[in-house]
Amino acid sequence: QVQLVESGGGLVQAGGSLRLSCAASGRTFSRYSMGWFRQAPGKEREFVAAINWSGTSTYYDDSVKGRFTISRDNAKNTVYLQMNSLKPEDTAVYYCAAPQKPFTIVALTTREAYDYWGQGTQVTVSS
């Protein structure tokens, strides 16, 4: 059974940084692309960033490009989201997600590509 557990959220001032982690278990982590999404109150869950199984390709929403960095450590079964220059509009619950099929590369920026989700971690950016 695939399990995804996020950590690293918290309260930070605008301009600050946080690093989120997502620990995966239940299957061979290095075969699966991973994604980060976020959901603010009253809004739809939206794509933030994704990374392919080997870490050689990354994808970002325009709203975070240049500020956030997704990475992975396959030896630790963990994917990270480094968030710099945080803005109040980044406030949301952040979720990591994984697809069911290995070596997925298509549509990684869409919710439909993912089958497994973590419980989320709250990020709050104060102005």
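Worth saying up front: this structure is predicted, and the values here are computed from it rather than measured.
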Report task. Could you pull out the closest heavy-atom pair between Q100 and R27, with the gap in Å? Result -> O-NH1, 3.2 Å

Query raised in the report: Which of these, I70, T69, L108, sits in a side-chain contact (heavy atoms from CB on, under 4.5 Å) with I51?
Result: I70

Query raised in the report: Is the backbone N or O of L20 less than 3.5 Å from a side-chain atom of E6, with the two atoms forming a donor-acceptor pair by type?
Result: no

Requested in this report: Please say which of T109, V64, D61 ends up in a side-chain contact (heavy atoms from CB on, under 4.5 Å) with V48.
Outcome: V64

Requested in this report: Flag yes if Y60 and V79 sit in one hydrophobic cluster, no otherwise; membership is Ile, Leu, Val, Met, Phe, Trp, Tyr, and two members link when side-chain heavy atoms are under 4.5 Å apart.
Outcome: yes

Query - Shortest non-hydrogen contact from C22 toward M34 - result: SG-CE, 4.2 Å

Query raised in the report: Do the side chain of R31 and the main chain of P102 share a donor and acceptor less than 3.5 angstrom apart?
Result: no

**Report entry** N84 side chain to S17 side chain, donor-acceptor N/O pair below 3.5 angstrom
**Finding:** yes

Requested in this report: Could you grab the distance from atom CD of Q122 to atom CG of L11, nearest 0.5 Å is fine?
Outcome: 9.5 Å

Query raised in the report: Between F37 and W117, does the ring centroid distance fall short of 6.0 Å?
Result: yes

Query raised in the report: Counting only N and O atoms by type, is there a donor-acceptor contact under 3.5 Å from the side chain of N77 to the main-chain atoms of F29?
Result: no

**Report entry** Over all atoms of both residues, closest heavy-atom pair of L4 and C96
**Finding:** CB-SG, 3.7 Å

Requested in this report: Can you measure from NZ (K65) to OG1 (T58) and round to the nearest 0.5 angstrom?
Outcome: 9.5 Å

Requested in this report: For the pair T78 (side chain) and K76 (backbone), establish whether a donor and an acceptor sit closer than 3.5 Å, ignoring hydrogens and angles.
Outcome: yes

Report task. Identify whether Y80 and Y114 are in the same connected component of the hydrophobic contact network (ILVMFWY, side-chain heavy atoms under 4.5 Å). Result -> no

Query raised in the report: Hey, does the side chain of R45 reach the backbone of V93 with a donor-acceptor pair shorter than 3.5 angstrom?
Result: no

Query raised in the report: In terms of hydrophobic clusters joined by side-chain contacts under 4.5 Å, are V5 and W36 together?
Result: no

Query raised in the report: So, for A113 and A107, which heavy atoms are closest and what is the spacing to 0.1 Å?
Result: CB-O, 3.2 Å

Report task. Give the cluster check for Y116 versus F103: same hydrophobic cluster or not, with ILVMFWY residues linked at side-chain heavy-atom distances below 4.5 Å. Result -> no

**Report entry** Smallest separation among heavy atoms of L86 and M83, with atom names
**Finding:** CD2-CB, 3.8 Å

Query - D90/K87 salt bridge by N-O under 4.0 Å criterion - result: no

Report task. Could you pull out the closest heavy-atom pair between P99 and Y32, with the gap in Å? Result -> O-CD2, 3.7 Å

Query raised in the report: Is it the case that one hydrophobic cluster holds both F68 and L18, taking links as side-chain heavy atoms less than 4.5 Å apart, direct or via other members?
Result: yes

